[in-house]
Amino acid sequence: MFENLSERLSGVFDKLTKQGALTDDDVKTALREVRVALLEADVSLPVARDFIKAVQEKATGQAVTKSITPGQQVVKIVHDELRHVLTGDTDPGALKIDNPPAPILMVGLQGSGKTTTTAKLAKRLKEKEGKRVLMASLDTNRPAAMEQLAILGGQIGVDTLPIVKGEDPVAIAKRAKTQASLGGYDVYMLDTAGRLHIDQELIAQAAAVRDVANPRETLLVVDGLTGQDAVNVAQEFDDKIGVTGVVLTRMDGDGRGGAALSMRAITGKPIRFVGLGEKMDAIETFEPDRIAGRILGMGDIVALVEKAQETIEAEQAEKMMKRFQKGRFNMNDLKMQLEQMMKMGGMEGMMGMMPGAAKMGKQMAAAGMDDSILKRQIALINSMTKKERANPDLLAASRKKRIAKGAGLEVSELNKLVKQHRQMADMMKKMGKGGMLKQAMKGMFGKGGGMPEGMPDMNDPKAMAEAAKALQGKMPGGLPGLGGGGAQLPPGLSGFGKKK
């Protein structure tokens with residue numbers, strides 16, 4: 001998401017921050033490049049024009065050119081304006097799912113991923129907000145559309161309205177409303193038929209369903225890869241049906257992301273969620289602050305901590321910490337950490353949230369570092385006996401040959417793994433003695449809202465850059481098996497355990 005835009009902007013800002021003193025002309029030249037980068041990312045011309053105008057007004061003049069770090073000041077102004085464009089003038093707040101059963105109407109074009117998004121959202125409401133959800137498919141046009149929603153419902157453990165052949169969408173909506181009231185559901189979601197731009201009949205059908213259900217939220221599902229046309233789709237749906245929020249799908253693809261930047265500014269409708277893949281949990285709330293940070297290469301440490309909290313179990317983590325403090329760190333522990341990284345989205349998923357990730361990602365790609373390294377290392381550990389995993393000192397040359405052969409890999413790869421294990425064991429011992437592990441645990445599972453103490457302000461590029469440098473300075477080892485250095489993880493996020 002936004003990879004090309006992020007790359008272009010980081011190039012522009014690198015020049016600015018290296019320059020020291022800045023003149024007004026330097027700022028104007030940089031902003032011209034920013035404007036080109038926005039247009040190349042498929043941001044609409046009026047939005048790009050207004051964006052540059054707003055930044056230029058704040059970035060030229062003595063406040064910036066005379067400041068101690070003028071380059072950083074400009075980056076901060078661009079970040080704040082980017083956040084403003086993504087947020088809009090009013091904060092939409094949380095989804096309106098009060099007064100149960102609250103109806104949510106899902107609308108969109110054919111093939112935008114509406115049915116899958118309905119199921120993803122239902123799963124999220126059930127698991128994260130503890131809501132009882134009923135899903136109903138109103139798509140009588142597409143073959144097996146109703147069956148698809150029923151199958152997805154079965155997979156995620158969410159009830160779906162029983163299918164009655166021959167019913168029209170309005171009748172299904174009425175039946176869903178009745179069943180949701182009688183069944184004690186908090187939310188019922190109506191998945192309407194996808195339509196083409198020109199299909200007036202289906203638009204009228206969706207409007208009739210809206211009148212019957214009187215939805216608390218009408219969410220428009222738009223394919224993020226459609227670029228500027230996504231904005232036109234949103235305007236048309238809003239005119240005919242009325243939209244309260246947008247869900248952008250396929251934002252993990254190679255689309256240029258301009259639709260997201262234009263959507264809020266042109267339509268005035270908030271982007272509620274973004275779909276980031278095919279899996280049922282691949283949906284995130286759209287957080288303008290954090291998206292702006294990712295675009296400008298500042299990473300998203302908050303999301304990284306959240307992912308860690310979701311996949312690490314507190315009790316298991318506590319046990320692991322006690323072991324580490326005593327200097328016990330064997331191959332079983334290393335395997336748990338590798339599996340933890342895979343759960344958190346693998347190397348690519350985690351690195352995408354780290355400050356300066358774009359540049360680091362390129363270095364990793366050039367060195368051939370990807371998730372296959374983690375898989376190979378897990379295979380090597382799986383080839384060891386229980387005794388060897390518990391006590392890696394037993395690994396003599398003959399054993400190493402057997403283990404490497406069992407994993408279908410070279411002994412040299414096993415040697416790298418053993419060396420990395422030693423480095424990590426030493427690091428865990430030092431962190432345990434220095435109290436860093438306790439601090440990390442407190443931050444992740446304590447009462448402080450899940451954020452480690454002293455977390456830098458995500459809106460301040462300078463603070464984020466300093467935090468990234470500080471983290472890199474603290475970590476003696478690198479990611480497991482990568483030979484140290486290079487791509488480091490913040491203390492406490494390398495995964496203390498795995499779910500039972």
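Note that these values count all heavy atoms, side chains included, but never hydrogens, waters or copies made by symmetry.
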Could you state the interatomic distance from CE (M146) to CD1 (I163), rounded to the nearest 0.5 Å?
6.5 Å
Is there a donor-acceptor pair under 3.5 Å between the side chain of T244 and the backbone N or O of T218?
yes
Whether K114 side chain and T192 backbone form a donor-acceptor pair below 3.5 Å:
yes
Please list all pairs meeting salt bridge (Lys or Arg N to Asp or Glu O under 4.0 Å) that have one or both residues in residues 170-186, counting only residues at least two apart or in different chains.
E167-R175
Full working for side chain to side chain contact (heavy atoms under 4.5 Å, CB included) between V85 and V43
CA-CA 11 Å; V85 169; V43 176; over 6 Å; no
Counting C-beta onward and ignoring hydrogens, is there a side-chain heavy-atom pair between M189 and L121 closer than 4.5 Å?
yes
Check against side chain to side chain contact (heavy atoms under 4.5 Å, CB included), R210 and L105
CA-CA 7 Å; R210 174 204 63 201; L105 187 64; 4.0 Å; yes
Without swapping roles, check the side chain of K120 against the backbone of A282 for a donor-acceptor pair under 3.5 Å.
yes
Do you know the tightest heavy-atom contact between V221 and M106?
CG2-CE, 3.9 Å
For the residue pair V34 and V55, establish whether any side-chain heavy-atom pair is separated by less than 4.5 Å.
no
Are the side chains of L125 and I104 in contact, using a 4.5 Å heavy-atom criterion?
yes
Point-to-point distance, once rounded to the nearest 0.5 Å, from CD1 of I97 to OH of Y188
14.0 Å
Give me the atom names and distance for the closest heavy-atom approach of V47 to S262.
CG2-CA, 4.2 Å
Using a 4.5 Å cut-off on heavy atoms from C-beta on, say whether the side chain of L134 contacts that of P101.
no
Where the side chain of T285 meets the backbone of F273, is there a donor-acceptor pair that is under 3.5 Å apart?
no
Tell me if a side-chain donor or acceptor on K269 pairs with a main-chain N or O of L220 at a distance below 3.5 Å.
no
Minimum heavy-atom distance Q179-P162, with the two atoms named:
NE2-CD, 3.8 Å
Nearest heavy-atom pair of L38 and F51: which atoms, and what distance?
CD1-CD2, 3.5 Å
Would you name the heavy atoms of G183 and R132 that are closest together and state the gap between them?
O-NH1, 2.6 Å
With rounding to the nearest 0.5 Å, note down the distance linking CZ in R49 to CG in L39.
9.0 Å
Apply side chain to side chain contact (heavy atoms under 4.5 Å, CB included) to K123 and I283, showing your working.
CA-CA 10 Å; K123 183 177 189 280; I283 188 167; over 6 Å; no
Can you check whether G153's main-chain N or O pairs, donor with acceptor, with T160's side chain at less than 3.5 Å?
no
How would you list all residue pairs meeting salt bridge (Lys or Arg N to Asp or Glu O under 4.0 Å) that involve residues 142-156, not counting sequence neighbours?
D139-R142, E147-K165
Rounded to the nearest 0.5 Å, what separates atom CD1 in I241 from atom CD in E236?
9.0 Å
To the nearest 0.5 Å, what is the distance between CD (E81) and CD (Q56)?
12.0 Å
Find out whether D80 and R83 are in side-chain contact, i.e. whether some heavy atom of one side chain is under 4.5 Å from a heavy atom of the other.
yes
Are the side chains of T140 and I172 in touch, meaning some heavy atoms are under 4.5 Å apart?
yes
Whether K53 and D50 form a salt bridge (side-chain N of Lys/Arg under 4.0 Å from carboxylate O of Asp/Glu) is what I want to check.
no
Min side-chain heavy-atom separation Q235-N232 under 4.5 Å:
yes
Residues D159, Y185; criterion side chain to side chain contact (heavy atoms under 4.5 Å, CB included); working and verdict:
CA-CA 10 Å; D159 295 340; Y185 291 94; 2.6 Å; yes
Using only atom types and a distance under 3.5 Å, with no angle test, would you say the side chain of T249 pairs donor to acceptor with the backbone of S112?
yes
So CD of Q110 and CG of D223: to nearest 0.5 Å the spacing works out to 13.0 Å
Residues two or more places apart in sequence or in another chain: which of them pass side-chain hydrogen bond (donor to acceptor under 3.5 Å, both in side chains) with E278?
none
Minimum heavy-atom separation for E217 and R272, please, with both atom names.
OE2-NH2, 3.2 Å
